[in-house]
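Single-structure report; data block below.
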Amino acid sequence: MSNFALIATLLVLMALAYHLGLTRSRAVAATQDVRMHSRPGYYGTLVALWCGLPALAIFLLWSFLAPQLIDMLVIQQLPADMVASMSDREMQTFLDRVTALANERGVAGGGSPEEWAAAAHMARLQTFENFSLVALVAVLSVAGLVIARRHITPQWRARNQVERVIMFALAASSAVAIFTTIGIVLSMLGEAMRFFSFISPADFFFGTTWNPRFSTSGTSSQGEFGLLPLLWGTIMVSAIALLVAIPVGLMTAIYMAEYAPPWLRNVAKPVIEILAGIPTIVYGFFALMVVGPFLSAFGDLIGINIRTTSAITAGLVMGIMIIPFVSSLSDDIITQVPKSLRDGALGLGATKSETIRQVVLPAALPGIVGAFLLAASRAIGETMIVVLAAGNNPVLHANPFEAVSTITVTIVNQLTGDMDFASPQSLVAFALGLTLFVITLGLNVIALVVVRKYRQQYE
């Protein structure tokens, strides 16, 4: 039985357990003529959890440990001299070929007699492992169902136990997110420290030349790794994007919140937010094939040399992409301004536009600034648009009509191709990623602090 079929069967058993727990709780309440502690749905849910959670835990643990155990048993039946003569990489290659043979996928060359013998042994172990897993899951599921169903009594606090399980699941989900972030940061920090053993931090953070000189080992000709051209390119493209997104997004939010009739708001707002769901690679192709040639032709018309791939091309399209972030967040903030402030201004004789300029926007300013900062962090971390439309020219200049390179583009370039991950040419990607992480984290923290102050004021 495949893992998918086993999970599907377990879900069916849990649905059956829920129904049995539901009917059992109602039967107990009817026969004993007592008031149950919890609603019938809680008893059904708790029986389903007793049926599914232990079996699911065993399944996950078994799926993680069984392949390693099978590999160990296969290695044990190999000749001792054969095992001693193999390196770790050779042994892993051998096991991969044996696994392919055992799964009847075949390998190039047909396999050696030792591989076929090991594959036959592995196939037998896998068959035994599958049957054992199915039997164990079935026994645990049925046992959990029977035990939980028998425990249904008027005094059984099913609701408390179900809520405790839900709280544990929520806490576990939060822990996964937190520990994942910590793991990413620590991995980047460790590799960045290795990079700084090759390159001085002062040369990296204050260098004005980017010329990594791709090689497969860290030598004296490893090149120059100045961050400033990449940082300036990132700031330039992001600034152009914000110059597009902030005015358009803010005016859109003001119109939707203050002027648009309800029917138009209900239609237009979801349509605008569709822009946020378009894949960034689509925006990149749009910039490369439409916006870039248009700007180049327009520049020729007015006598300005505008490259097809340039900072302004990437910035304009990125600004269009982040308009929904600015408009949606600003709209939500503006609509949360208390109506009493509007009524007071209108009662004193202010017009609607004066009320918006002098009352609504100042009251909503902290939240709007938070929306701007969140949009800025989104623009700084964008990759695909700048990969296709910025031009990849890591030179320190102030001309937005020329090509530039950003931090995200350089990370892609440094990790593309067959590279030695012990060389500074590849390790620099982790230093760049850590720098970008610190920048976006700082913007997000500032935005959250500003928005929190606003919410404390008007909640």
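No hydrogens, no waters, no symmetry mates; every other heavy atom, side chains included, goes into these values.
Summarising the local packing, CE of Met289 is surrounded by 12 or fewer heavy atoms from other residues, nucleotides or ligands at distances under 6.0 Å. Atom CE of Met72 has more than 12 neighbouring heavy atoms from other residues, nucleotides or ligands inside a 6.0 Å radius. Within 6.0 Å of CZ on Phe285 lie no more than 12 heavy atoms contributed by other residues, nucleotides or ligands. Summarising the local packing, CZ of Phe128 is surrounded by 12 or fewer heavy atoms from other residues, nucleotides or ligands at distances under 6.0 Å. Counted within 6.0 Å of CZ on Phe205, heavy atoms from surrounding residues, nucleotides or ligands total more than 12; the atom is thus considered enclosed.
Between atom OG of residue Ser327 and atom CD1 of residue Ile254 there is a gap of 11.5 Å, rounded to the nearest 0.5 Å. Taken to the nearest 0.5 Å, the CG atom of Leu250 stands 12.0 Å off from the CD1 atom of Ile323. Here CD of Glu163 is found 5.0 Å from OH of Tyr42. Values are rounded to the nearest 0.5 Å. Taken from OG in Ser141 to CG in Leu13, the straight-line distance is 5.5 Å, to the nearest 0.5 Å. For the atom pair Met321 CE and Glu382 CD, the distance stands at 4.5 Å (nearest 0.5 Å). Annotation: the span from Met318 atom CE to Ile380 atom CD1 amounts to 9.5 Å, rounded to 0.5 Å.
Remark: the backbone N or O of Thr308 is paired with a side-chain donor or acceptor of Thr313 at under 3.5 angstrom. Not a single donor-acceptor pair under 3.5 Å links the side chain of Ser310 to the backbone N or O of Ile306. Of the possible polar contacts, one joining the Ser330 side chain to the Val326 backbone as a donor-acceptor pair under 3.5 Å is found. Side-chain atoms of Thr335 do not come within 3.5 Å of backbone N or O of Ala257 as any donor-acceptor pair. Side chain of Tyr18 to backbone of Leu46: no donor-acceptor contact under 3.5 angstrom is found. A donor-acceptor pair under 3.5 Å is absent between the side-chain atoms of Ser238 and the main chain of Ile235, judged by distance alone. One N or O on the side chain of Trp232 and one on the backbone of His397 form a donor-acceptor pair closer than 3.5 Å.
Residues Ile58 and Leu140 have side chains in contact (heavy-atom distance under 4.5 Å, counting atoms from C-beta outward). Considering only heavy atoms from C-beta on, Met236 comes within 4.5 Å of Ile240 through its side chain. Residues Leu341 and Pro338 have side chains in contact (heavy-atom distance under 4.5 Å, counting atoms from C-beta outward). Counting only heavy atoms from C-beta outward, the side chains of Val395 and Glu402 never approach each other to under 4.5 Å. For the pair Val137/Trp62, no side-chain contact is recorded, criterion being any heavy-atom separation below 4.5 Å from C-beta on. Two residues are said to be in side-chain contact when any heavy atoms from C-beta on lie closer than 4.5 Å; Leu374 and Leu329 meet this criterion. Looking at Ile385 and Ile281, their side chains never come closer than 4.5 Å, going by heavy atoms from C-beta outward. For the pair Arg265/Asp331, a side-chain contact is recorded, criterion being any heavy-atom separation below 4.5 Å from C-beta on.
In terms of heavy atoms, Leu242 sits closest to Pro247 at O-CD, 3.7 Å. The two residues Val337 and Ala364 come nearest to each other via the heavy atoms CG2-CB, 3.8 Å. Nearest heavy atoms, Ala260 versus Leu264: CB-CD2, 4.3 Å. Residue Pro229 comes nearest to Trp210 through the heavy atom pair CG-N, 4.4 Å, listed as atom of the first residue, atom of the second, then distance. A pairwise comparison of heavy atoms in Thr234 and Ile407 identifies OG1-N, 3.0 Å as the closest pair. Nearest heavy atom pair, residue Phe206 against residue Leu228, reads O-CD1, 3.6 Å.
One side chain, Glu273 or Ser328, offers a donor N or O that lies under 3.5 Å from an acceptor on the other.
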Report task. Decide side-chain contact (heavy atoms from CB on, under 4.5 Å) for Phe401 and Leu295; before the verdict, give the C-alpha distance in whole Å, the side-chain angles of both, and the deciding distance to 0.1 Å. Result -> CA-CA 9 Å; Phe401 304 137; Leu295 291 177; over 6 Å; no

Query - side-chain contact (heavy atoms from CB on, under 4.5 Å) between Thr252 and Met256, intermediate numbers included - result: CA-CA 6 Å; Thr252 301; Met256 290 295 173; 4.3 Å; yes

Requested in this report: Would you check, one step at a time, whether the test side-chain hydrogen bond (donor to acceptor under 3.5 Å, both in side chains) holds for Asn392 with Ser405?
Outcome: CA-CA 4 Å; Asn392 191 22; Ser405 185; 3.2 Å; yes

Requested in this report: Please test Leu288 against Thr309 for side-chain contact (heavy atoms from CB on, under 4.5 Å), starting from the C-alpha separation and ending with a verdict.
Outcome: CA-CA 7 Å; Leu288 184 63; Thr309 54; 3.8 Å; yes

Query raised in the report: Between Leu373 and Val369, does a side-chain contact (heavy atoms from CB on, under 4.5 Å) hold up when you go through it step by step?
Result: CA-CA 6 Å; Leu373 292 174; Val369 171; 4.2 Å; yes

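Residues Phe198 and Phe225 keep their aromatic ring centres 6.0 Å or farther apart. Not less than 6.0 angstrom separates the ring centroid of Phe195 from the ring centroid of Phe430.
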Pair up each side-chain donor or acceptor in residues 432-441 with any protein partner under 3.5 Å, not counting sequence neighbours, and list the distances.
from, atom 1, to, atom 2, distance (Å)
Thr435, OG1, Ala431, O, 2.9
Thr440, OG1, Leu436, O, 3.0
Thr440, OG1, Phe437, O, 3.1

